[in-house]
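Just below is one structure, and these are the notes that go with it.
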Amino acid sequence: MKFRNFKMVDYVVYGRGCFNQLDEIIAPHRKSGKPMVFLLDHFFENKPLADRIPLRGNDKILFADVTYEPKTTYVDSLAGQLRNEFGTVSGIIGIGGGSTMDLAKAVSLMMNNPGSSADYQGWDLVKQPGVYKAGIPTLSGTGAEVSRTTVLTGPTKKLGMNSDFTPFNQIVLDPELTANAPANQRFYTGMDCYIHCIESLEGTYLNEFSRSYGEKALELCRNVFVKKDKWDDECDDQLMMASYAGGMSIAYSQVGVAHAVSYGLSYLLGTKHGVGNCIVMNHLGEYYPAGVKEFKYMVEKNKIDIPKGICKGLTDEQFDTMINVSLSMKPLWENALGKDWEKIMTRDKLRGLYEKL
Ligand code: NAD
Ligand code: ZN
C-alpha cells in the first residue's frame with residue numbers, strides 16, 4: 001500500500017468581506033515591473049466586483065470567457081498573450097467559478113512550462129512550478145479551490161493537469177462573493193459538492209481522513225438545501241465551507257459513477273459539469289439509493305430544473321464515444337464498484353444508462 005503524500009494550498013483566508021484584504025495579501029508577491037493579472041469571470045464585467053480589484057502599476061484584468069468549460073487552446077492563448085505582452089508576470093489571480101479558477105491554475109503553470117497545456121494533461125507531467133497563483137471562488141461546490149488538478153478539454157481528452165504544482169498558493173474564501181448567484185446555477189454547483197460526498201463516502205477507497213471531511217461537507221449541504229426554507233447569508237457561508245471540505249475529502253478518495261458518466265456527456269455534448277452531474281444523478285438509484293432519494297427531494301424543494309432527454313436521437317457512434325470516455329475513467333469505477341467493476345458496468349449496461357438521460 002502506497003499512501004498519497006499530497007500537496008495542499010499554502011494559505012487560506014476565510015470570512016465575509018475578506019476579499020478587501022487582497023491587496024495586502026498579494027503585496028509580498030509583486031515583482032518589480034511585472035504585473036499581477038486578475039483573471040475575472042466574465043459574469044463580473046461591469047459589475048461592482050470589477051471595481052474592487054486592487055490594481056497597481058501595470059496590473060491587468062482579463063475577463064475569462066467561461067461560456068464553455070476550459071479548453072487547452074484557451075489556456076495556451078491566454079498564457080501566450082501574457083508572455084508576449086510582459087515576458088512574465090508576478091502572478092495570476094483567478095476570481096470566479098470552478099472554470100475560472102481552473103483557468104487561473106493552468107495559465108499560471110503555462111507561464112513557466114514549455115509547449116501546450118495539452119502536453120500536461122495527466123498525472124505529474126508538469127515539471128516546473130508556475131507563477132504565484134491565487135483562487136477566489138464566486139460559486140461554491142466544485143472544490144477546485146483546494147484540488148491538485150485543473151480540468152481541461154484538450155484535442156484528444158478531457159483530463160486535468162494533475163500535479164503537486166497545481167494547487168493555489170493562496171485562496172480567499174469570502175462568502176459575500178457568492179451572494180445573488182442564480183438559484184439553478186448555485187444548485188448545480190452546490191450539487192457537485194453533494195455528489196462528491198456521496199461518491200466518496202459510498203466508495204471503496206474511503207479512509208477516515210476522507211470520511212471526516214466528507215461527512216462534514218454533506219451535513220453543510222443538507223443544512224443549505226434540505227433544512228433551510230429560504231436562502232440567506234448563512235447558506236453562502238456554509239456552502240463555501242462544504243465545497244472546501246468536499247474538496248479535501250476527494251483529495252484522499254475518488255469520485256464515482258455520476259462523475260464517470262457525466263464526463264462522457266461533457267466530452268460529446270459539452271454539457272457543463274454541475275448540471276451534467278445532476279442529470280446523471282437523477283438515474284443512479286441502483287448505485288446510491290439513499291443519496292439519489294435525497295437528491296430528488298432537494299431538486300423538488302428548491303424548485304430546480306434538471307434537463308431531460310439530452311441523449312435523444314444520438315447515433316450509435318456517439319453513444320460509443322461517450323461510453324469510451326466514461327469507461328476510461330478506471331479509478332472512478334473501481335472506487336464506485338470495486339475491483340471487479342468491469343463485470344458490473346458492461347458497455348450494454350452503460351448504454352442503457354445513457355439512453356435514459
Ligand atoms: P462555472 O465556473 O463553469 O460557472 C458557471 C456560470 O456561472 C458561468 O456562466 C459563470 O460566468 C457564472 N458565475 C460565476 N460566478 C457567478 C456568480 N457569483 N453569480 C452569477 N453567475 C456566476 O461553474 P462551476 O460549477 O463553479 O465550475 C464548473 C467547472 O469546474 C467545470 O469546468 C469543471 O470541470 C470544474 N471543476 C474543477 C474541479 C477541480 O478539482 N479542478 C472540480 C470540479 C469541477
Ligand atoms: Zn465534480
Side-chain angles (χ1 to χ4, degrees), residues 6 9 19 39-45 47-50 63-72 74-75 94-106 109 121 133 135-154 158-163 166-168 171 174-200 217 231 236 239-240 242-244 246-251 253-263 265-267 270-278 280-281 329 332:
F6 64 85
V9 166
F19 182 81
L39 191 59
L40 181 60
D41 193 309
H42 65 172
F43 171 80
F44 293 102
E45 202 165 356
K47 300 261 167 42
L49 186 61
F63 289 101
D65 182 348
V66 294
T67 314
Y68 304 102
E69 292 190 340
K71 292 188 169 62
T72 52
Y74 189 37
V75 171
I95 309 171
S99 297
T100 303
M101 288 193 283
D102 273 2
L103 277 171
K105 291 194 222 180
L109 294 172
Q121 286 181 281
K133 55 182 160 346
I136 309 182
T138 63
L139 288 171
S140 295
T142 63
E145 62 278 21
V146 285
S147 77
R148 94 191 274 278
T149 191
T150 161
V151 183
L152 301 176
T153 305
K158 182 172 178 192
L159 190 60
M161 293 167 81
N162 204 312
S163 83
T166 309
F168 284 117
I171 56 176
D174 182 345
E176 280 182 0
L177 304 185
T178 64
N180 307 321
N184 272 343
Q185 182 62 56
R186 191 163 60 196
F187 185 85
Y188 300 150
T189 304
M191 280 304 112
D192 194 16
C193 176
Y194 178 85
I195 294 169
H196 287 161
C197 294
I198 299 294
E199 291 177 316
S200 158
W231 197 272
D236 285 314
L239 197 55
M240 190 159 269
S243 178
Y244 179 90
M248 292 297 291
S249 173
I250 297 300
S253 63
Q254 206 15 298
V255 288
V257 181
H259 276 74
V261 177
S262 134
Y263 266 97
L265 293 178
S266 69
Y267 187 83
T271 313
K272 292 194 137 204
H273 186 75
V275 68
N277 286 346
C278 289
V280 178
M281 191 67 175
M329 318 293 298
L332 281 64

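Counting starts at 1 for both ligands and their atoms, following the listed order.
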(message) Using heavy atoms and a 4.0 Å limit, tell me yes or no: is Pro182 in contact with ligand 1?
(response) yes
(request) Just need the protein heavy atom nearest to atom 42 (C) of ligand 1, so name the residue and atom and give the distance. (result) Thr142 O, 3.4 Å
(message) Contact between Leu39 and Phe63 at the side-chain level, heavy atoms closer than 4.5 Å - yes or no?
(response) no
(request) Could you pull out the closest heavy-atom pair between Cys278 and Ile195, with the gap in Å? (result) N-CD1, 4.3 Å
(message) With nothing but distance in play, are any N or O atoms of Gly98 less than 3.5 Å from an N or O of ligand 1?
(response) yes
(message) If I apply the N/O under 3.5 Å rule, does Thr149 come out as touching ligand 1?
(response) yes
(request) Pull out every atom of ligand 1 sitting under 4.0 Å from any heavy atom of Ser147, numbered as shown with elements. (result) 39 (C), 40 (O), 41 (N)
(request) Taking the side chain as every heavy atom from C-beta outward, state whether His273 and Tyr188 have any pair of such atoms under 4.5 Å apart. (result) no
(message) Could you tell me, atom by atom, which parts of ligand 1 come under 4.0 Å of a heavy atom of Gly97?
(response) 2 (O), 26 (O)
(request) Check Thr142 against Gly98 and note the closest heavy-atom contact, atom names and distance. (result) OG1-CA, 3.9 Å
(request) Give the residue, atom name and distance (to 0.1 Å) of the protein heavy atom nearest atom 25 (O) of ligand 1. (result) Thr189 OG1, 2.7 Å
(request) Mind listing the closest non-hydrogen atom pair of Asn277 and Ser262 along with its distance? (result) OD1-OG, 2.8 Å
(request) State if Tyr188 counts as touching ligand 1 under the rule of any non-hydrogen atom under 4.0 Å. (result) no
(request) Check each atom of ligand 1 against the heavy atoms of Leu177 and keep those under 4.0 Å away; list them by number with element. (result) 18 (N)
(request) Considering the heavy atoms of Asp102, write down every atom of ligand 1 situated less than 4.0 Å from one of them. (result) 35 (C), 36 (N), 37 (C), 39 (C), 41 (N)
(request) Would you mind telling me if ligand 1 is within reach of the side chain of Pro70, the backbone, both or neither, using heavy atoms under 4.0 Å? (result) side chain
(message) Return the closest protein heavy atom for atom 4 (O) of ligand 1 as residue, atom name and distance.
(response) Leu139 CD1, 3.7 Å
(message) When you compare the side chains of Ser266 and Lys272, does any donor N or O come within less than 3.5 Å of an acceptor on the partner?
(response) no
(message) With respect to the Zn ion (ligand 2), please indicate if Cys193 possesses an N, O or S atom at a distance under 2.8 Å.
(response) no
(request) Return yes if a side-chain donor-acceptor contact under 3.5 Å exists between Ser243 and Glu145, otherwise no. (result) yes
(request) Give the residue and atom name of whichever protein heavy atom lies nearest to atom 6 (C) of ligand 1, and the separation in Å to one decimal. (result) Gln185 OE1, 3.7 Å
(message) Could you tell me, atom by atom, which parts of ligand 1 come under 4.0 Å of a heavy atom of Glu69?
(response) 31 (C), 32 (O), 34 (O)
(message) Testing the basics here: between Ala144 and Met101, what is the closest heavy-atom pair and its distance to 0.1 Å?
(response) CB-CE, 4.3 Å
(request) For Lys272, take its heavy atoms, then give the atoms of ligand 1 lying under 4.0 Å from any of them. (result) 3 (O), 5 (C)
(message) Would Ser99 count as a polar contact of ligand 1, with the cut-off being nitrogen or oxygen pairs under 3.5 Å?
(response) yes
(message) Counting neighbours of CZ on Phe6 that are heavy atoms of other residues, nucleotides or ligands and sit closer than 6.0 Å, is the number greater than 12?
(response) yes
(request) Examine Asp41 against ligand 1 and note whether any of their N/O atoms are separated by less than 3.5 Å. (result) yes
(message) Quick check: do Thr166 and Leu109 have side-chain heavy atoms less than 4.5 Å from each other?
(response) yes
(message) Testing His259, Gln254, Met191 one by one against His196 for a side-chain contact (heavy atoms from CB on, under 4.5 Å), which residue passes?
(response) His259
(message) Are the side chains of Thr178 and Arg186 in contact, using a 4.5 Å heavy-atom criterion?
(response) no
(request) Could you tell me whether some N/O pair between Asn180 and ligand 1 is separated by less than 3.5 angstrom? (result) no
(message) In the structure I gave you, are the side-chain heavy atoms of Ile171 and Val146 within less than 4.5 Å of one another anywhere?
(response) yes
(message) If I compare all heavy atoms of Asp41 with all of Gly97, which pair ends up nearest, and what's the gap?
(response) OD2-N, 3.4 Å
(request) With atom 21 (N) of ligand 1 as the reference point, say which of Tyr68, Phe43, Phe44 has the nearest heavy atom. (result) Phe43
(request) Tell me which part of Tyr263 gets within contact of ligand 1: side chain, backbone, both or neither, using heavy atoms under 4.0 Å. (result) neither
(message) With a heavy-atom distance limit of 4.0 Å, tell me whether Asp192 approaches ligand 1 through its side chain, its backbone, both, or neither.
(response) side chain
(request) Report yes if some heavy atom in the side chain of Thr138 is under 4.5 Å from a heavy atom in the side chain of Phe43; otherwise report no. (result) no
(message) At less than 4.0 angstrom from any non-hydrogen atom of His273, what atoms of ligand 1 do you find?
(response) 31 (C), 33 (C), 43 (C), 44 (C)
(message) Test of understanding: given a 4.0 Å heavy-atom threshold, classify the contact between Ala144 and ligand 1 as side chain, backbone, both, or neither.
(response) both
(request) State, with a plain yes or no, whether a side-chain heavy atom of Lys105 is found less than 4.5 Å away from one of Met161. (result) no
(message) If you measure every N or O of Thr138 against every N or O of ligand 1, does any of those distances drop under 3.5 Å?
(response) yes
(message) If I apply the N/O under 3.5 Å rule, does Thr178 come out as touching ligand 1?
(response) no
(request) Would you mind reporting whether Asp174 and Leu177 have side-chain heavy atoms less than 4.5 Å apart? (result) yes
(message) As an exercise, identify every atom of ligand 1 less than 4.0 angstrom from a heavy atom of His42.
(response) 11 (O)
(request) Taking the Zn ion (ligand 2) as the reference point, name the nearest N/O/S atom of Asp192. (result) OD1
(message) Looking at every non-hydrogen atom in both residues, tell me the closest pair between Met281 and Ala258 and how far apart they are.
(response) SD-CB, 4.4 Å
(message) Below 4.0 Å, non-hydrogen atoms only: which portion of Met101 touches ligand 1? Side chain, backbone, both or neither.
(response) neither
(message) Just to be sure I read this right, does ligand 1 sit under 4.0 Å from the backbone of Val66, its side chain, both, or neither, counting only heavy atoms?
(response) side chain
(request) Determine which of the N, O or S atoms in His196 is closest to the Zn ion (ligand 2) and give its atom name. (result) NE2
